[in-house]
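Please read the structure below before turning to the comments.
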Amino acid sequence: MGQDGAPAALRRAAGVQVAALRRTASDPRLVRLQLSWAAVMVASWTATVSLSVVAYAEGGSAAVALAVLARTVPGVVVGPVVGALVDRFPRRKCLTVAALLCGLATAGAALGAGTLAVAIGLVTVVALVTMLFRTAQSAILPELVDDPAELTAANVLSSAVESVGVFAGPALGAALLLLQGPRLAFAVAAGLFVAAGLLVIRLPARPANAGAEAEASGRTRDLFRLPAARLVFALLLAQTVLSGGLVVLYPALAVDALRLDASAAGWLTAAYGLGGVVGSVGLFALAGSRRLGALTAAALLLWSLPLLLLPLGPALAVVLLLLAVTGGGNVLFDVTSVTLLQRGVPVRLLGRAFGVVETVVVIGLGGGAAVAPALDELVGPATTLAGMAAMLVVVTGLALRALHRLDRELTAPTRQVRLLRALPAFALLPPLQLERLALHLRRTELAAGAAAARQGEPGSTYFLVDTGRLGVEVDGRPVHDLGPGAAFGEIALLRSGVRTATVVAREPSVLWALDGDVFLAALRADGGRALAALDAVAEENLRRAAPAYHPSPNGPGPN
């Protein structure tokens, strides 16, 4: 039986992955979003490579570092603002506006490509507005999928698309630079940005961020109370410091270590992107994976360990292979880190979460870009990159225990999901929303005679009964009992704000408690259908069990 069980389990897991990928690839909304993302990535990297080559021709690595810093430092301030915008306005509109603004700015760079200062200024605008696109793209994905497997599959496809862009953009930029110089490269990038905006201009999505104005309590600082957010931000900072150094030192690596022309930086970058494309094929197996923490650690090691070999002075072919492996680690880290945030952060805070991601990225890139040229002057590009990679290896080792803990905490408990799904209102929510709610449930044990709620007291919690039996009393008289699978507390949350009944444990009982803000945010998702369904339940309960507390047209009754 054991021998048959493992292959059967593998077949079931593969079936989940294939089904999730099939749904993702056949959804027209996701296809349009992925195509738009591809156009943005190709355009962004085409412009980036063009700017790097122009800068290196005028001032070497120091000028490249200046260009990188000019594009990244303003993002430290803009990131949180971008996150708040994505949480407050429709995410589809954020995507469209961002892509079209990038197109206008890159077209301006094409007109001023002969002047380094003008090109840096306009590409800085592109970098900042691209932050808005990336933030909205990451935040909107959970609105377009139905379950965790499909969410991971969509993230895998997004990362694969990004890898294609990292490969195709630099290759396209190198070809256009050889053909006619930076003016043509910037013009082609502008056209791609405009095409990206047109692809998402009519993208439909569930209004998962509806009522954002009412959710004013959700602020950026709330993110740092969440373990998943804190850990992902810290690891992302360490990873992007190395990434910033790598971006700055591509031309120096080509010229000083490999004795090639500076334009070979495009091919080194393309090898990194190609590794991501190849690695993305293997990432499709992540569609059903629940070990995202362990995979995050593996991704960071793949990102850093190959760069430790650069000081050995390998030939061009070996360097291209090492960069390809690093690119594969990058695409794995992109998928796991983004999915950890999407599953560990409430929907109402996702825009802010990815806004902070953008800020962390620019801080890391800027820090790496600032340090790398000075170290390059002392020890050369290969040794500089190896030293920065060694630091990332150390950070990864220190984070292993916390990543393992996240794997346990973000795996939704099956029993609690079943309890939620059995309730009429929550049955309307997509599976992904149910898993999010299940992760927020808190276990509460009651001894016989203990009260879970008292009539007339403020109520800010919703309860599900797991085991045991509880009695409901109104004005001191018994009304009915609640057993396993029942729920209570919605009237106070939806209507008066106070409890309309006393609920006492008849025997030792186990409840699952859900905070009122999480409860209401979940019910407002998917157009508010779940909220309407539960409001009808509350109305019926008031009529049946507590007529004295039935709210009048002018407001709540004597609650």
Side-chain angles (χ1 to χ4, degrees), residues 21 23-48 82-83 85-87 89-107 109 123 125-145 150-173 185-209 273 276-277 280 331 334-335 338-339 342 350-351 354-355 357-358 361:
L21 289 168
R23 292 195 305 271
T24 302
S26 62
D27 189 327
R29 303 169 304 170
L30 289 171
V31 169
R32 269 183 281 167
L33 182 62
Q34 302 290 11
L35 288 175
S36 180
W37 179 230
V40 166
M41 287 307 303
V42 172
S44 178
W45 278 100
T46 298
T48 297
V82 165
L85 288 173
V86 170
D87 278 342
F89 295 102
R91 289 163 182 169
R92 171 184 58 80
K93 291 184 179 178
C94 292
L95 290 168
T96 303
V97 170
L100 295 179
L101 285 177
C102 282
L104 289 174
T106 314
V123 174
V125 174
V126 170
L128 294 176
V129 180
T130 301
M131 288 176 60
L132 176 61
F133 189 97
R134 281 197 303 264
T135 300
Q137 192 259 358
S138 297
I140 201 173
L141 269 180
E143 303 174 25
L144 301 174
V145 299
E150 192 173 340
L151 176 61
T152 309
N155 284 327
V156 169
L157 286 175
S158 292
S159 190
V161 165
E162 182 172 354
S163 295
V164 171
V166 175
F167 166 69
L172 177 62
F186 284 127
V188 170
L192 289 170
F193 277 127
V194 171
L198 295 177
L199 279 168
V200 294
I201 198 167
R202 301 188 65 183
L203 180 71
R206 298 189 187 104
N209 58 334
V277 174
S280 298
V331 74
D334 282 350
V335 171
V338 167
T339 308
Q342 289 169 335
L350 273 180
F354 288 106
V357 164
E358 295 296 333
V361 167

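What's counted below: heavy atoms across the whole structure, side chains too, no hydrogens, waters or symmetry copies. All residue numbers refer to positions in the sequence shown, counting from 1.
The two residues Val42 and Ala168 make their nearest non-hydrogen contact at CG2-CB, 4.2 Å. Closest approach of Arg91 to Gly351, counting heavy atoms only: NH2-N, 4.0 Å. Taking both residues in full, the closest heavy atoms of Phe186 and Ala47 are given as CE2-O, 3.7 Å, listed atom of the first, atom of the second, then distance. Listed here is the closest heavy atom pair of Ala43 and Leu192: CB-CB, 3.7 Å. Nearest approach of Thr135 to Gly355, heavy atoms of both residues: CG2-N, 3.7 Å. Shortest non-hydrogen contact noted between Ser36 and Phe133 is OG-CZ, 3.3 Å.
For the salt bridge (charged side-chain N to carboxylate O under 4.0 Å, His left out) condition, the pairs that include at least one residue of residues 125-140, sequence neighbours left out, are Arg134-Glu358.
Rounding to the nearest 0.5 Å gives a distance of 10.0 Å between CZ of Arg92 and CZ of Arg32. Residue Trp37 holds its CH2 atom at 7.0 Å from OG of Ser138, rounded to the nearest 0.5 Å. Note: Met41 CE to Thr46 OG1 = 10.0 Å, rounded to the nearest 0.5 Å.
Taking the side chain as every heavy atom from C-beta outward, Phe193 and Leu100 never approach each other to under 4.5 Å.
Each of Leu95, Leu35, Ile140 was compared with Val200 under the side chain to side chain contact (heavy atoms under 4.5 Å, CB included) criterion, and only Leu95 meets it.
Val129 pairs by the side chain to side chain contact (heavy atoms under 4.5 Å, CB included) definition with Ala98, Leu101, Cys102, Val125, not counting sequence neighbours. Scanning for side chain to side chain contact (heavy atoms under 4.5 Å, CB included) contacts around Ala190 gives Thr106, Ala107, with sequence neighbours left out.
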Next on the checklist: Set out, in order, the CA-CA distance, both residues' side-chain angles and the distance that settles side-chain contact (heavy atoms from CB on, under 4.5 Å) for Leu141 and Leu33, then state yes or no.
Outcome noted: CA-CA 9 Å; Leu141 269 180; Leu33 182 62; 3.9 Å; yes
Item to check | side-chain contact (heavy atoms from CB on, under 4.5 Å) evaluation trace for Phe354 with Val338 | outcome: CA-CA 9 Å; Phe354 288 106; Val338 167; 4.0 Å; yes
